[in-house]
Amino acid sequence: MLDMEAIKNLSINKSDWKKVKFGDVVFEPKESVKDPVAEGIEHVVGLEHIDSGDMHLRRSASIEESTTFTKKFSKGDVLFGRRRAYLKKAAKANFEGICSGDITVMRANEELFLPELLPFIVNNEKFFDHAITHSAGGLSPRVKFQDLARFEFQLPPINKQQNLIKLLNVSSDEIEAKINLVAKYSYLISSFRMDVFKRSNWPVRRLNDFFEVQLGKMLSKNGTSPFPYLANQNVQWGRFNLGKVETMDFNEKEREKFKLVKGDLLVCEGGEVGRTSIWMEELENCYYQKALHRLRVINESYLPEVMLQFMIWANDEELFKGLTGSTTIAHLTAVTLKEFKIPSIPMDKQFELKIKFEQLIHTHKNIKNNLAKSIMLQKAIINKVF
């Protein structure tokens with residue numbers, strides 16, 4: 001795989017390349033399906049199934065689900081998100097199906113243009129810039145194919161396009177290998193959680209036997225001495241989003257009651273009920289509001305890192321759904337959380353589990369970081385070529 005410096009110095013002989021318009025080598029098929037079931041269609045694709053920056057279509061809904069979509073696409077077509085083009089959604093389909101009207105179906109004119117090149121062309125920053133510039137509309141701008149058709153780029157003769165595809169596929173193949181490795185480690189971590197928290201048959205006790213549970217302070221207007229506090233949206237699974245942290249007033253008694261210390265777990269009371277992370281003093285003198293429960297370990301009886309993994313497993317097993325009652329808006333009360341049954345694991349075993357989880361998660365994180373670098377390098381190659 002080329003590195004960034006090598007890409008900057010990459011020299012490509014374009015003396016016999018010709019400037020073409022996108023619409024000269026690519027067309028919009030505009031095929032439709034009246035009865036998807038009768039025609040054997042199995043896949044339904046909406047904008048939500050196309051991942052930003054990913055050249056491959058990996059997800060779809062089944063035809064059993066209700067749909068009003070009729071636009072047909074074929075295997076090898078590229079599906080381009082024409083609504084909100086700044087989201088940069090353009091992916092090659094490896095199956096046929098029907099898709100949303102907010103998706104433009106693109107197909108190569110194979111007499112002039114090898115289809116394998118199309119996903120790389122439309123994932124070029126210049127193409128996205130063109131699409132964004134020519135989008136029209138207010139809150140939900142859309143771009144038409146006839147505007148995309150005017151995009152100009154350099155294209156090698158068809159007899160030399162295969163060599164270019166080979167160059168581009170080097171990065172694509174590496175990315176696919178790393179995506180598979182990320183998925184493998186995700187599965188390993190999930191399987192290990194299952195072994196630890198379901199198959200090991202630990203005795204169970206109330207959460208309140210190991211943790212002090214404290215709901216946060218009710219929101220109030222800022223006073224004369226505002227302090228930062230965390231809300232539901234700041235707590236993500238295993239991490240904190242501190243991009244926007246609000247402040248409000250806490251008096252001396254409240255500061256003593258609601259101040260966060262290293263090792264506290266914060267659990268979402270509403271929204272995605274049960275979502276949990278460990279506070280590691282990312283901010284000084286930080287507090288939290290009523291949308292969150294704080295779990296503070298009693299007498300060093302439980303490792304926060306092990307508890308976090310249990311909460312992730314409990315969410316995967318949908319255990320929190322059984323705790324929130326039958327109300328329209330789900331809430332996890334302090335009383336219910338205190339009674340939640342958690343595994344009673346000997347402390348020496350908890351330390352072993354903590355180390356094992358950290359090793360798996362560290363490896364997983366490194367692989368994801370390497371994947372991100374490979375994607376960045378691929379974008380640089382595409383932008384260099386086109």
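Only a predicted model underlies this, so the values are computations on that prediction, with no experimental measurement involved. No hydrogens, no waters, no symmetry mates; every other heavy atom, side chains included, goes into these values. The first residue of the sequence shown is numbered 1, and numbering continues consecutively from there.
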Within this structure, what is the [atom1]-[atom2] distance for the pair [X] and [Y], rounded to the nearest 0.5 Å?
| X | Y | atom1 | atom2 | value |
| --- | --- | --- | --- | --- |
| Ile382 | Ser171 | CD1 | OG | 6.5 Å |
| His130 | Phe128 | NE2 | CZ | 13.0 Å |
| Gln350 | Ile345 | CD | CD1 | 5.5 Å |
| Lys19 | Asp24 | NZ | CG | 12.5 Å |
| Asn109 | Ile158 | CG | CD1 | 8.5 Å |
| Ile175 | Met376 | CD1 | CE | 11.0 Å |

Return yes if a side-chain donor-acceptor contact under 3.5 Å exists between Gln214 and His293, otherwise no. no
Tell me, do [X] and [Y] make a side-chain contact under 4.5 Å, heavy atoms counted?
| X | Y | answer |
| --- | --- | --- |
| Phe153 | Ile121 | yes |
| Leu265 | Val297 | no |
| Thr363 | Asn366 | no |
| Trp313 | Val196 | no |
| Lys160 | Asp16 | yes |
| Arg59 | Asp51 | yes |
| Leu266 | Ser277 | no |

Indicate, with yes or no, if the rings of [X] and [Y] have centres closer together than 6.0 Å.
| X | Y | value |
| --- | --- | --- |
| Phe145 | Phe80 | no |
| Trp279 | Tyr288 | no |
| Phe310 | Phe197 | yes |

Looking only at atom types and distance, does a side-chain atom of [X] sit under 3.5 Å from a main-chain N or O of [Y], one as donor and one as acceptor?
| X | Y | value |
| --- | --- | --- |
| Thr276 | Gly274 | yes |
| Asp77 | Ser74 | yes |
| Ser186 | Val182 | yes |
| Gln161 | Leu114 | yes |
| Asn123 | Phe120 | no |
| Asn124 | Lys126 | yes |
| Gln236 | Gln233 | yes |

Check [Y] with [X], please: is the shortest side-chain N to carboxylate O separation under 4.0 Å?
| X | Y | value |
| --- | --- | --- |
| Lys259 | Glu284 | no |
| Lys356 | Glu352 | no |
| Arg255 | Glu252 | no |
| Glu246 | Lys244 | yes |
| Glu254 | Lys257 | no |
| Glu272 | Arg275 | yes |

Other cluster members, [X] - Ile/Leu/Val/Met/Phe/Trp/Tyr, side-chain contacts below 4.5 Å:
| X | value |
| --- | --- |
| Leu79 | Val45, Leu47, Ile50, Leu57, Phe73, Phe95, Ile103, Val105 |
| Ile132 | Tyr86, Leu87 |
| Phe27 | none |

Could you give all pairs that pass the salt bridge (Lys or Arg N to Asp or Glu O under 4.0 Å) test and reach residues 85-102, with sequence neighbours left out? Arg83-Asp102, Lys88-Glu125, Asp102-Arg142
Only pairs at least two apart or in different chains count here, so list each salt bridge (Lys or Arg N to Asp or Glu O under 4.0 Å) that has a residue in residues 197-212. Asp195-Arg199, Lys198-Glu317, Arg205-Asp209, Arg206-Asp209, Arg206-Glu339, Glu212-Arg294
How close do [X] and [Y] get, heavy atom to heavy atom, and via which atoms?
| X | Y | value |
| --- | --- | --- |
| Met55 | Ser172 | CE-OG, 4.4 Å |
| Pro304 | Gly263 | CG-O, 3.5 Å |
| Phe127 | Val122 | CD2-O, 3.6 Å |
| Pro228 | Val245 | CB-CG1, 3.8 Å |
| Met280 | Lys262 | CE-CE, 3.4 Å |

Could you go through Ser32 and Lys72, starting from their C-alpha distance and side-chain angles, then the distance that decides it, and tell me whether this counts as side-chain hydrogen bond (donor to acceptor under 3.5 Å, both in side chains)? CA-CA 5 Å; Ser32 62; Lys72 183 180 179 182; over 6 Å; no
For residues Met307 and Val204: do they belong to one hydrophobic cluster (side chain heavy atoms under 4.5 Å, members Ile, Leu, Val, Met, Phe, Trp, Tyr)? no
Begin from the C-alpha positions of Lys71 and Phe69 and carry the test side chain to side chain contact (heavy atoms under 4.5 Å, CB included) through to its verdict. CA-CA 6 Å; Lys71 184 184 291 188; Phe69 299 164; over 6 Å; no
Test ring-ring contact (aromatic ring centres under 6.0 Å, His included) applied to Phe211 and Tyr302, step by step: CA-CA 8 Å; Phe211 294 93; Tyr302 223 97; 5.6 Å; yes
With side chain to side chain contact (heavy atoms under 4.5 Å, CB included) as the test, would you mind laying out the steps for Gln309 and Ile312 before giving the verdict? CA-CA 5 Å; Gln309 296 304 318; Ile312 295 172; 4.1 Å; yes
Could you check Asn13 against Ser15 for side-chain hydrogen bond (donor to acceptor under 3.5 Å, both in side chains), going step by step and ending with a plain yes or no? CA-CA 6 Å; Asn13 183 2; Ser15 60; 2.9 Å; yes
Apply side chain to side chain contact (heavy atoms under 4.5 Å, CB included) to residues Arg239 and Asn241 and explain how you reach the verdict. CA-CA 7 Å; Arg239 66 181 181 87; Asn241 178 1; 4.3 Å; yes
Step by step, would you call Lys321 with Glu318 a salt bridge (charged side-chain N to carboxylate O under 4.0 Å, His left out)? CA-CA 6 Å; Lys321 288 185 177 180; Glu318 299 187 343; 3.5 Å; yes
Before giving the answer on side chain to side chain contact (heavy atoms under 4.5 Å, CB included), spell out for Gln289 and Lys217 the whole-Å C-alpha distance, their side-chain angles and the decisive distance to 0.1 Å. CA-CA 4 Å; Gln289 59 118 306; Lys217 180 190 173 183; 5.6 Å; no
Residue pairs, two or more places apart or on separate chains, that pass ring pair (Phe, Tyr, Trp, His ring centres under 6.0 Å) and touch residues 346-383: Phe192-Phe357
Going through the distances and angles, do Phe258 and Tyr287 end up as a ring-ring contact (aromatic ring centres under 6.0 Å, His included)? CA-CA 6 Å; Phe258 298 115; Tyr287 303 86; 8.1 Å; no
